[in-house]
Number of protein chains: 2
Amino acid sequence: MPKAPTVYDVADLAGVSIATVSRVFRKPHKVSQATKDRVDAAVLDLGYVPSGSARSLAARRAGAIGLCFPDFDGIDGGPAPIAYADGKVIARLDPPEDVEPSGNLYISEVMLGTEIEAWRHGMAVTIAVARGERGNEIFDNLAGRVDGMVTLSQTVPEGLLAHIARRIPVVVIAGPRAGDDYDHIGTDNVAGMEAMTKHVVDVHGVRDVAFVGGPADSPDDRDRFEGFRMGLLAEGIEAPSEPLLRGDFTRGHGRMLGRRLVEAGPVPRALMCSNDQTALGILDALLAAELRVPEDVIITGFDGIDASEMSRPRITTVRQPMRELGRAAVDTLLRRLGDPLMPPQTRTLPVTVLLRESCGCLP
Amino acid sequence: MPKAPTVYDVADLAGVSIATVSRVFRKPHKVSQATKDRVDAAVLDLGYVPSGSARSLAARRAGAIGLCFPDFDGIDGGPAPIAYADGKVIARLDPPEDVEPSGNLYISEVMLGTEIEAWRHGMAVTIAVARGERGNEIFDNLAGRVDGMVTLSQTVPEGLLAHIARRIPVVVIAGPRAGDDYDHIGTDNVAGMEAMTKHVVDVHGVRDVAFVGGPADSPDDRDRFEGFRMGLLAEGIEAPSEPLLRGDFTRGHGRMLGRRLVEAGPVPRALMCSNDQTALGILDALLAAELRVPEDVIITGFDGIDASEMSRPRITTVRQPMRELGRAAVDTLLRRLGDPLMPPQTRTLPVTVLLRESCGCLP
DNA sequence: TAGCTTAATGTATGCGCATACATTCCATTG
DNA sequence: CAATGGAATGTATGCGCATACATTAAGCTA
């Protein structure tokens with residue numbers, strides 16, 4: 001790859017000044033057609049592509065927004081995939097046990113939403129996962145190259161986030177306000193879980209309901225538990241002050257909790273889980289112990305990931321509008337860029353309760 | 001947001017030169033501890049975050065790779081999502097008819113794979129969809145701000161791609177070599193479809209097999225049809241020179257084809273489709289016509305999207321390692337950056353045949 | 001102690017572009 | 001025909017950083 005041509009090269013070849021070359025790209029209407037044609041020809045001839053770095057520097061805007069996630073799954077991917085040359089035939093007829101977990105639908109959907117909304121405003125999206133020991137560095141790096149940042153809560157330490165926020169606007173997804181000054185986008189965890197709880201009690205007539213939580217420091221988990229309690233209280237049922245058990249939001253941990261429940265004696269009539277992965281893990285364990293779902297035990301989840309629809313029975317859950325989260329975050333970010341003095345925003349998106357087999361609503 | 005501090009500000013406050021500030025970030029080992037401490041303090045004090053644009057410009061590398069997709073779904077998203085303020089409770093108990101289509105698992109997975117491999121090499125990923133009339137401009141813009149580009153074939157016109165490739169390395173996913181000089185990452189369409197064909201003939205004893213193709217200009221489709229023919233020939237069955245029908249890879253079009261098949265008279269005993277969406281559409285139509293799958297008609301797909309696992313019956317299909325595609329693309333891209341003179345690479349990733357209900361393998 | 005080496009830091013420059021401002025060229029106008 | 005104004009283009013500068021090279025200080029050798 002020979003040295004890339006610059007505005008100077010194009011200007012020389014077209015016999016114009018660099019300002020004119022720049023105008024052909026940025027303000028075409030200010031250049032005569034004849035000149036434009038000569039410049040275009042030179043551009044094609046030389047294979048010129050404007051440098052985004054130089055442009056961003058000179059224009060004082062990056063034209064991109066950053067999206068940074070924590071490393072939910074601890075995926076480091078291992079070495080790059082094995083490949084083989086053309087002609088060698090490999091096809092397996094195995095059952096799909098080797099299919100990788102669908103991973104983070106959540107992240108994927110937020111990404112898609114982010115991209116769509118960014119596109120509508122002519123911006124690119126730069127993504128990075130603050131993964132590993134250099135996670136903070138990754139975050140910092142990303143912040144330096146974008147006009148604003150969307151991040152999930154808990155991605156980096158508060159101090160770093162505050163540091164970044166002095167330079168560019170930051171929108172936090174899924175973390176409720178904690179007295180900070182960031183803009184926040186959340187979903188209605190409380191209302192969702194409250195509605196789900198009432199459904200289980202009202203429609204299925206169950207009063208022996210327990211809550212299986214997630215990490216104690218998760219704001220989402222806290223809100224969902226709060227919704228659970230409100231649901232119970234509204235039904236005149238005494239509400240516990242703590243979840244029956246806590247997992248770490250992974251399916252594996254959910255399985256462990258399920259086994260523990262089975263061993264500990266009679267399993268509650270209904271288990272309301274703080275997320276889908278936990279619900280799926282518990283389902284795995286209960287089915288393995290020959291319990292029937294929903295006949296013996298009702299299970300519900302939260303999130304609405306695709307995997308919740310692929311289990312048998314399928315999981316009744318509360319769907320978060322994941323793609324909308326991304327879109328709303330970008331929308332808010334761009335508003336903030338337009339009006340830096342606007343007071344801190346908090347937007348809460350509505351959730352949807354999805355009734356399926358695991359609560360007994362579908363056969 | 002007041003004017004962001006620069007190296008100069010930090011240097012002044014710390015009483016050092018800008019070179020030293022820069023070194024604290026880039027070559028910390030070349031700075032004495034005492035100096036480093038003073039600089040760090042100034043950085044925190046001022047809220048300094050290095051400008052990525054300036055860094056990229058000066059260092060002549062962006063530290064990011066680009067990922068550009070075509071607009072598969074024609075999603076423009078419409079206006080940003082409705083939100084409501086805190087406290088207002090909305091939760092619905094409707095069936096999930098409003099759940100948005102799972103969209104592009106394919107794209108999502110490639111994104112995730114790309115990000116993982118980029119992370120392993122300390123690079124960020126900038127994504128953009130070449131969507132709408134300004135698609136080419138988006139692509140061009142993206143190209144200017146990254147060190148290399150991963151793109152799906154058919155994303156932009158060949159001329160533009162060639163133009164970009166003069167400046168930065170380009171890796172094309174899913175498009176087989178067409179005599180061009182790009183690096184390519186593909187999946188083994190031929191072997192996958194051949195194995196699937198043999199399976200249907202051998203295991204299920206079906207000889208009345210037809211192929212439902214996709215767009216005639218799709219290289220993937222061409223290869224899959226070729227695999228189909230090879231499978232038949234290997235079984236001693238005469239192979240057609242053209243697909244029985246062609247769709248456009250969408251489910252809607254698949255439904256139409258399905259209805260047409262039903263009307264046209266006896267439906268072949270097995271329909272092998274060039275992608276999952278088409279298979280799902282045909283399944284919809286056959287079930288609507290009261291035909292039984294797989295008892296009356298066997299249906300198979302290709303891709304392994306999640307939706308293929310959520311239908312009833314679930315679709316037997318050939319799974320592409322989508323995440324691995326992204327990883328392999330980045331891997332190849334970085335090799336290319338390391339050795340620009342390396343001959344053009346082509347890597348083909350193995351596929352997996354997933355046997356499920358729609359061919360009769362699972363009850 | 002002169003001469004040499006190495007560590008630490010500073011100086012000066014350029015990366016490639018956008019843009020404020022200056023200049024040139026015409027077409028109008030009175 | 002001189003004065004005016006707008007369109008098209010050019011000149012000059014700075015965006016914020018990395019880095020080659022220069023400089024200084026300090027330790028070490030013979």
Side-chain angles (χ1 to χ4, degrees), chain A residues 1-40 42-43 46-64 140-141 143-147 167-168, chain B residues 1-40 42-43 46-64 140-141 143-147 167-168:
Chain A
M1 205 120 331
K3 184 181 170 311
T6 71
V7 267
Y8 297 98
D9 302 315
V10 175
D12 280 352
L13 184 58
V16 298
S17 72
I18 63 163
T20 298
V21 175
S22 180
R23 281 189 202 103
V24 168
F25 283 86
R26 299 309 140 212
K27 318 197 166 163
H29 57 282
K30 309 203 92 177
V31 181
S32 75
Q33 189 59 48
T35 306
K36 205 181 309 184
D37 291 343
R38 287 195 355 257
V39 171
D40 284 341
V43 165
L46 295 172
Y48 170 71
V49 178
S51 154
S53 314
R55 171 140 91 232
S56 299
L57 182 59
R60 264 153 283 207
R61 60 186 294 278
D140 204 75
N141 247 304
R145 64 169 70 226
V146 296
D147 294 322
R167 187 187 217 268
I168 55 173
Chain B
M1 204 111 339
K3 185 184 170 307
T6 71
V7 267
Y8 298 98
D9 302 315
V10 175
D12 281 352
L13 184 57
V16 300
S17 73
I18 63 163
T20 297
V21 175
S22 179
R23 278 193 280 260
V24 167
F25 282 87
R26 300 309 141 213
K27 319 202 164 157
H29 58 282
K30 308 202 93 175
V31 181
S32 74
Q33 189 59 47
T35 306
K36 205 181 311 186
D37 290 344
R38 296 213 323 279
V39 171
D40 283 342
V43 165
L46 295 171
Y48 170 70
V49 178
S51 153
S53 315
R55 170 138 91 232
S56 299
L57 182 59
R60 263 151 286 202
R61 59 185 298 277
D140 204 74
N141 248 304
R145 63 169 72 224
V146 297
D147 294 322
R167 186 187 217 267
I168 55 173

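Chain identifiers are assigned alphabetically (A, B, ...) following the order of the sequence lines, protein sequences preceding nucleic acid strands; residue numbering begins at 1 within each chain. The analysis underlying the following values was restricted to heavy atoms, covering all of them including side chains, and did not include hydrogens, waters or symmetry mates.
Comparing atom distances between the A:Leu57 side chain and each of D:dG16, C:dC17, C:dA8 picks out D:dG16 as nearest. Here C:dA8 is the nucleotide among D:dT9, C:dA8, C:dG14 with the atom lying nearest to any side-chain atom of B:Thr35. The side chain of B:Ala19 lies closest to D:dT19 when the candidates are D:dT19, C:dC15, C:dC17.
When rounded to the nearest whole Å, the span between CZ of B:Arg60 and P of C:dC17 equals 13 Å. Rounded to an integer number of Å, the gap from B:Asp147 CG to C:dC15 C1' is 14 Å. At whole-Å resolution of the value, NZ in B:Lys27 and C1' in C:dG10 are 15 Å apart. Straight-line distance from the CD atom of A:Gln33 to the C1' atom of D:dA7: 15 Å, rounded to whole Å. The distance from atom CD1 of A:Ile18 to atom P of D:dA12 is 11 Å, rounded to the nearest whole Å. When rounded to the nearest whole Å, the span between NZ of B:Lys3 and P of D:dG14 equals 13 Å. Between the P atom of C:dC17 and the CG atom of B:Asp140 lies a distance of 12 Å, rounded to the nearest Å. Between the CZ atom of B:Arg61 and the C1' atom of D:dT19 there is a distance of 15 Å, rounded to whole Å.
Contact check for A:Arg38 versus A:Ser32: no side-chain heavy atoms found under the 4.5 Å cut-off. Residues A:Asp140 and B:Pro50 form a side-chain contact, since some pair of their non-hydrogen atoms from C-beta on lies under 4.5 Å apart.
B:Val31 pairs in a side chain to side chain contact (heavy atoms under 4.5 Å, CB included) with only one of the listed residues (B:Asp37, B:Val21, B:Val16, B:Val24), which is B:Val24.
Among the protein residues, A:Val21 comes within range of no part of the nucleic acid, since none of its heavy atoms lies under 4.0 Å from any strand. Here B:Ser22 lies in heavy-atom contact (under 4.0 Å) with a base.
Remark on DNA chain C: of its neighbouring residues A:Phe25 and B:Arg23, the 5'-side contact belongs to B:Arg23, judged by nearest-heavy-atom nucleotide. Residue-to-nucleotide proximity on DNA chain C shows that, of B:Lys36 and B:Ala54, the 5′-proximal contact is made by B:Lys36.
For A:Asp147 against A:Ala62, the heavy-atom pair with the smallest separation is OD1-N, 2.7 Å.
Here B:Thr6 does not reach the OP1 or OP2 of D:dC15: none of its side-chain N or O atoms lies under 4.0 Å away. Listed pair A:Ser56 / D:dC15 fails the phosphate criterion, with no side-chain N or O lying under 4.0 Å from OP1 or OP2. Using a 4.0 Å cut-off, no side-chain N or O of A:Ser53 falls inside it from OP1 or OP2 of C:dC15. Here A:Thr20 reaches the OP1 or OP2 of D:dG10: one of its side-chain N or O atoms lies under 4.0 Å away.
Put simply, the side chain of A:Tyr8 and the base of C:dC17 share a donor and an acceptor less than 3.5 Å apart.
In this structure, A:Ile18 CD1 and A:Asp9 CG are separated by 11.5 Å, a value rounded to the nearest 0.5 Å.
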